[in-house]
Amino acid sequence: MHDVRAIRLDPMAFDQGMARRGLPPVSEAILALDHARREAQTVLQEAQARRKQVAALIGKAKGAGDAAAAESHLAEAEALKDVIAAQTAAESDLAARLNALLAGLPNLPGATTPDGAGEGDNVEVRRWGQLWDNGPRRDHADLGAALGLMDFETAARLAGSRFVVLKGPLARLERALGQFMLDMQTTEHGYTEVSPPLLVRGQALYGTGQLPKFEEDLFHTTDDRWLIPTAEVSLTNLVAGELLDEGVLPLRMTALTPCFRAEAGASGRDTKGMIRQHQFNKVEMVSIVAPERSDEELERMTACAEAILKRLELPFRTMALCTGDLGFSARKTYDLEVWVASQGAYREISSCSNCGDFQARRMEARCRAPGEKGGRFVHTLNGSGLAVGRALVAVMEHYQDEDGAIAIPQALHAYLPGLSRITPAA
RNA sequence: GGAGAGGUGGCUGAGCGGUUGAAAGCACCGCACUCGAAAUGCGGCAUACCCGUAAGGGUAUCGGGGGUUCGAAUCCCCCCCUCUCCGCCA
C-alpha cells in the first residue's frame with residue numbers, strides 16, 4: 001500500500017517509479033480522488049462538529065429540565081442528520097475508490113533495482129559452482145520414473161495435473177532436503193522455526209499483497225479461507241496489527257510448509273516434471289526489521305539462501321531482478337537460479353525480496369523505540385531458503401550417474417543414514 | 001456443533017444513553033529531592049485523518065461492520081476472536 005501523502009508530495013517520482021515497472025502514470029487519478037475525498041471529509045467533519053455541539057446543548061437543556069430549550073435545537077439536529085448521512089456516503093465512496101486504486105498498485109522499485117522490461121533484463125550478480133560437462137543429463141522425471149519412485153500418472157488420477165507422488169528413498173530424500181534446510185536456517189542462520197497455519201483469511205493475503213489482485217493464483221476453500229501460496233503469508237502476518245518494541249527487532253522466522261498455487265496462466269509452461277506443481281514444499285525465511293536495516297538484511301537473507309546451495313554443492317547464479325520482473329510487493333529482489341542440467345539452464349529456486357514498508361502499511365505493522373512517540377512501519381523481507389521440490393530436481397539431475405542412480409550429497413548424509421545412493425534396484 | 005461469559009489506551013482494568021478520548025494502577029518521559037540511585041512528590045504521556053505557512057483548531061476511533069437516537073464505549077442486529085462447560089474428533 002502506498003502513502004498518499006508521499007504521492008501528494010512528489011507525484012512525478014511516483015509516476016516515474018511506476019514507469020520503471022512499465023506501468024502508465026496514475027498519480028493524477030490518485031490525487032484527483034484524494035482531493036475530492038478530503039473535500040468531502042472536511043464538509044462532513046464540519047457537519048459532525050455542529051451535530052456534536054447541538055447534541056450537547058440538548059443534553060444540557062434536558063439535564064436542566066428545560067424541555068422548551070431542548071425542543072428548539074431538535075429541528076437543526078434533525079436536519080444535520082440527513083446532511084451527515086449523505087456526506088458520509090460520499091466520503092466513504094471516494095475513500096473506497098481511492099483505496100481500491102492504491103491496493104492494486106505494486107510497490108515502487110528500489111533505487112538499486114536495475115531497470116528492464118522483463119526476465120531477460122535481470123542482472124547476474126554472481127555465479128557459484130562448477131557445471132558438469134560429461135555428456136547429456138537425463139531429466140529428473142525420467143530418472144524418477146526409471147527408478148520407479150516418481151509417479152505423475154497416479155498423482156494425476158488422484159488430484160489432476162501438476163501433482164506428483166514420490167515413494168521410498170526419493171520421498172525420504174525430499175524430506176531430508178527440507179529438514180536439512182530448516183536446520184541450517186535455525187541453527188546456523190539464527191531464524192526461529194515456526195509451524196504456521198496453511199489456511200488463512202483473506203485479510204492475511206491482503207497484508208502480503210496477494211489479494212486483491214492475484215486471486216486467480218490461489219486456492220479458495222468453501223468456508224472462505226485460502227491455502228497459502230507461500231509461508232511468507234503466514235510468517236509475515238504474524239506481526240500484523242502489532243506495535244513492536246524496536247528492541248525485539250530484527251525478527252527472523254522460518255518455516256517448512258507445503259505451498260499451494262493454482263498456477264492459472266501457466267498452462268503449457270513447465271508441464272513435465274516437478275518444476276511447477278500445484279503443491280510443493282518450501283522453507284521460507286521472513287525478516288521483520290527496522291526501516292533503516294532492510295537493505296543490509298536483504299543481502300544477509302540472500303546469503304542464507306545461497307549457503308544452502310553451496311552446502312549441497314549445486315551450481316547457481318544470483319540474479320538481481322529488473323523492474324519489469326519484480327514481484328508486486330517487492331522493491332528489490334534477488335533470485336537464486338540453480339543449474340538444471342537436463343535443461344542446460346538456470347532455474348529459479350529461491351527469491352529473496354525486500355518489501356520495504358509496503359506490506360507493513362497493508363498489515364498495520366509498526367515498531368517504535370522505547371520512549372519514542374507514535375511508531376514507524378516496519379520493513380518486511382521474505383525469501384525461500386529453499387524451494388524443496390526444485391532442490392530435489394536439482395539434486396537428482398546434478399548427482400545422477402550414467403546408470404540412472406542418484407548419489408546423495410555429502411550435506412545430507414547425516415539425514416539419510418544407510419542411504420548413499422538411490423539406485424534402480426532400491 | 002450446543003449453552004454461557006467476555007473483547008475498553010503500550011499493559012492491567014473501571015465505566016454500561018448526554019460536558020467520557022475515556023477513572024485508577026503499571027510501564028514510559030520530564031522535573032524536584034539525592035553525591036548518585038531507589039523510594040517519594042509534581043507534571044506529561046493514544047492513534048489516524050482533515051483544516052491551517054504556523055500557532056492552533058476539528059473529526060473519527062472503546063474487536064469489525066450495520067442500525068436505533070438530537071446524542072452510543074454504553075441499546076439492537078450480523079460477523080470475528082478469546083474463555084468455560086457439553087458434544088464430536090486426529
Side-chain angles (χ1 to χ4, degrees), chain A residues 1-9 30-100 102-103 195-207 211 221-226 234 237-249 251 258 288 290 357 360-378:
Chain A
M1 181 59 77
H2 294 284
D3 182 0
V4 200
R5 278 172 305 184
I7 301 171
R8 219 185 282 155
L9 222 56
I30 292 170
L31 292 185
L33 271 174
D34 175 52
H35 184 74
R37 203 212 99 237
R38 281 152 64 210
E39 266 187 346
Q41 187 183 15
T42 302
V43 173
L44 170 63
Q45 290 187 349
E46 277 162 7
Q48 285 172 323
R50 184 59 194 156
R51 173 180 69 182
K52 212 170 173 179
Q53 291 171 357
V54 173
L57 287 174
I58 294 171
K60 213 174 259 178
K62 286 202 170 172
D66 188 347
E71 195 63 36
S72 72
H73 293 296
L74 273 174
E76 184 180 1
E78 292 280 8
L80 279 169
K81 218 178 156 179
D82 293 338
V83 175
I84 288 172
Q87 207 56 35
T88 301
E91 197 273 345
S92 62
D93 174 61
L94 286 164
R97 280 160 59 194
L98 176 60
N99 216 46
L102 288 173
S195 176
L198 309 181
L199 286 166
V200 297
R201 291 182 199 289
Q203 178 78 29
L205 287 151
Y206 175 83
L211 289 179
T221 67
T222 53
D223 70 345
D224 200 24
R225 284 175 234 269
W226 306 77
S234 304
N237 277 283
L238 251 28
V239 298
E242 294 280 319
L243 177 56
L244 300 161
D245 184 335
E246 244 176 82
V248 308
L249 302 179
L251 288 175
I288 310 293
D357 64 4
R361 283 182 185 281
R362 297 169 81 101
M363 295 188 307
E364 295 271 311
R366 297 160 205 274
C367 66
R368 79 173 168 203
E372 192 184 54
K373 290 192 70 172
R376 305 182 292 158
F377 288 111
V378 297

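Letters A, B, ... mirror the listed sequences (proteins, then strands); counts begin at 1. No hydrogens, no waters, no symmetry mates; every other heavy atom, side chains included, goes into these values.
To the nearest angstrom, P of C49(B) lies 12 Å from CZ of R38(A). Residue K60(A) contributes atom NZ, which lies 10 Å from atom P of U19(B) at whole-angstrom precision. Computed from coordinates, the N99(A) CG to A48(B) P distance equals 17 Å when rounded to whole Å. As a whole-Å value, the separation of E39(A) CD from C49(B) P is 19 Å. If you measure from atom CG of D245(A) to atom P of G10(B), you get 14 Å, rounded to the nearest angstrom. If you measure from atom CD of E246(A) to atom P of C28(B), you get 18 Å, rounded to the nearest angstrom. Atom CD of Q48(A) and atom P of G21(B) are 14 Å apart (whole Å). Separating the CZ atom of R37(A) from the C1' atom of C50(B) is a distance of 8 Å, rounded to the nearest angstrom.
Pair assignment for A14(B) gives none, since no Watson-Crick or G-U wobble pairing has each distance under 3.5 Å. Both distances falling under 3.5 Å, in either a Watson-Crick or a G-U wobble arrangement, occur for no nucleotide opposite U34(B). Checking C83(B) for Watson-Crick or G-U wobble geometry (two distances, each under 3.5 Å) identifies G4(B) as its partner. Base pairing of U19(B): no nucleotide in any strand meets the Watson-Crick or G-U wobble criterion (both distances under 3.5 Å). A 3.5 Å limit on both hydrogen-bonding distances identifies no Watson-Crick or G-U partner for A39(B). Nucleotide A48(B) forms a pair with U59(B), judged by Watson-Crick or G-U wobble geometry with both contacts under 3.5 Å. Nucleotide A90(B) forms a pair with no other nucleotide shown, judged by Watson-Crick or G-U wobble geometry with both contacts under 3.5 Å.
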Q | F377(A) and R362(A): CA distance, side-chain angles, deciding distance, side chain to side chain contact (heavy atoms under 4.5 Å, CB included) verdict | A | CA-CA 10 Å; F377(A) 288 111; R362(A) 297 169 81 101; over 6 Å; no
**Q.** CA sep, side-chain torsions, deciding dist, call: I7(A), L102(A), side chain to side chain contact (heavy atoms under 4.5 Å, CB included)
**A.** CA-CA 11 Å; I7(A) 301 171; L102(A) 288 173; 3.9 Å; yes
Q) What's the verdict on side chain to side chain contact (heavy atoms under 4.5 Å, CB included) for Q87(A) and Q48(A), showing C-alpha distance, side-chain angles and the deciding distance? A) CA-CA 10 Å; Q87(A) 207 56 35; Q48(A) 285 172 323; over 6 Å; no
Q) Checking salt bridge (charged side-chain N to carboxylate O under 4.0 Å, His left out) for the pair R37(A)/E91(A): CA distance, chi angles, key distance, verdict? A) CA-CA 6 Å; R37(A) 203 212 99 237; E91(A) 197 273 345; 3.2 Å; yes
Q: Go through H35(A) and L31(A) one step at a time and tell me if the side chain to side chain contact (heavy atoms under 4.5 Å, CB included) criterion holds.
A: CA-CA 6 Å; H35(A) 184 74; L31(A) 292 185; over 6 Å; no
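A heavy-atom distance below 4.5 Å is not found between the side chains of D357(A) and V378(A). V200(A) places none of its side-chain heavy atoms less than 4.5 Å from the side chain of N237(A).
Contact annotation for A49(A): backbone-only contact, meaning every heavy-atom pair under 4.0 Å involves sugar-phosphate atoms and none involves a base. Heavy atoms of A55(A) sit under 4.0 angstrom from at least one base atom.
The same atom, P, is picked in G13(B) and in G25(B); the two are 16 Å apart, to the nearest Å. Taking the C1' atoms as reference points, G7(B) lies 14 Å from U12(B), given to the whole Å. Across A24(B) and G15(B), the matching C1' atoms stand 11 Å from one another, rounded to whole Å. Going from the P atom of C86(B) to that of G71(B) covers 46 Å, rounded to whole Å. Nucleotides C11(B) and U47(B), compared at atom P, are 13 Å apart to the nearest Å. When the C1' atom is used for both U53(B) and U34(B), the distance is 46 Å, rounded to whole Å. Look at the C1' atom in both C31(B) and C45(B): the space between them is 15 Å, to the nearest Å. Rounded to whole Å, the P atom of U20(B) lies 33 Å from the corresponding atom of A32(B).
Neither OP1 nor OP2 of A46(B) sits under 4.0 Å from any side-chain N or O of R366(A). For the OP1/OP2 pair of G18(B) and a distance below 4.0 Å, the side-chain nitrogens and oxygens of K62(A) include no atom meeting the criterion. Neither OP1 nor OP2 of C80(B) sits under 4.0 Å from any side-chain N or O of R201(A). Note on K52(A): a side-chain N or O is less than 4.0 Å away from OP1 or OP2 of A60(B). Under 4.0 angstrom from either OP1 or OP2 of C50(B) there lies at least one side-chain N or O belonging to R8(A). For U59(B), neither phosphate oxygen OP1 nor OP2 lies less than 4.0 angstrom from any side-chain nitrogen or oxygen of R50(A).
Listed candidates were G10(B), G18(B), C49(B). Nearest to the side chain of L243(A) is G10(B). Counting only heavy atoms from C-beta on, I58(A) has its side chain closest to G18(B) among C49(B), G18(B), A60(B).
A side-chain contact (heavy atoms from CB on, under 4.5 Å) with V4(A) is found for one member of D34(A), L33(A), N99(A) and no other, namely D34(A).
Toward the 5' end of RNA chain B, the nearer of the two residues R225(A) and E78(A), judged by each one's closest nucleotide, is E78(A). Taking for each of G59(A) and D34(A) the nucleotide of RNA chain B with the nearest heavy atom, the 5'-most of the two is the partner of G59(A).
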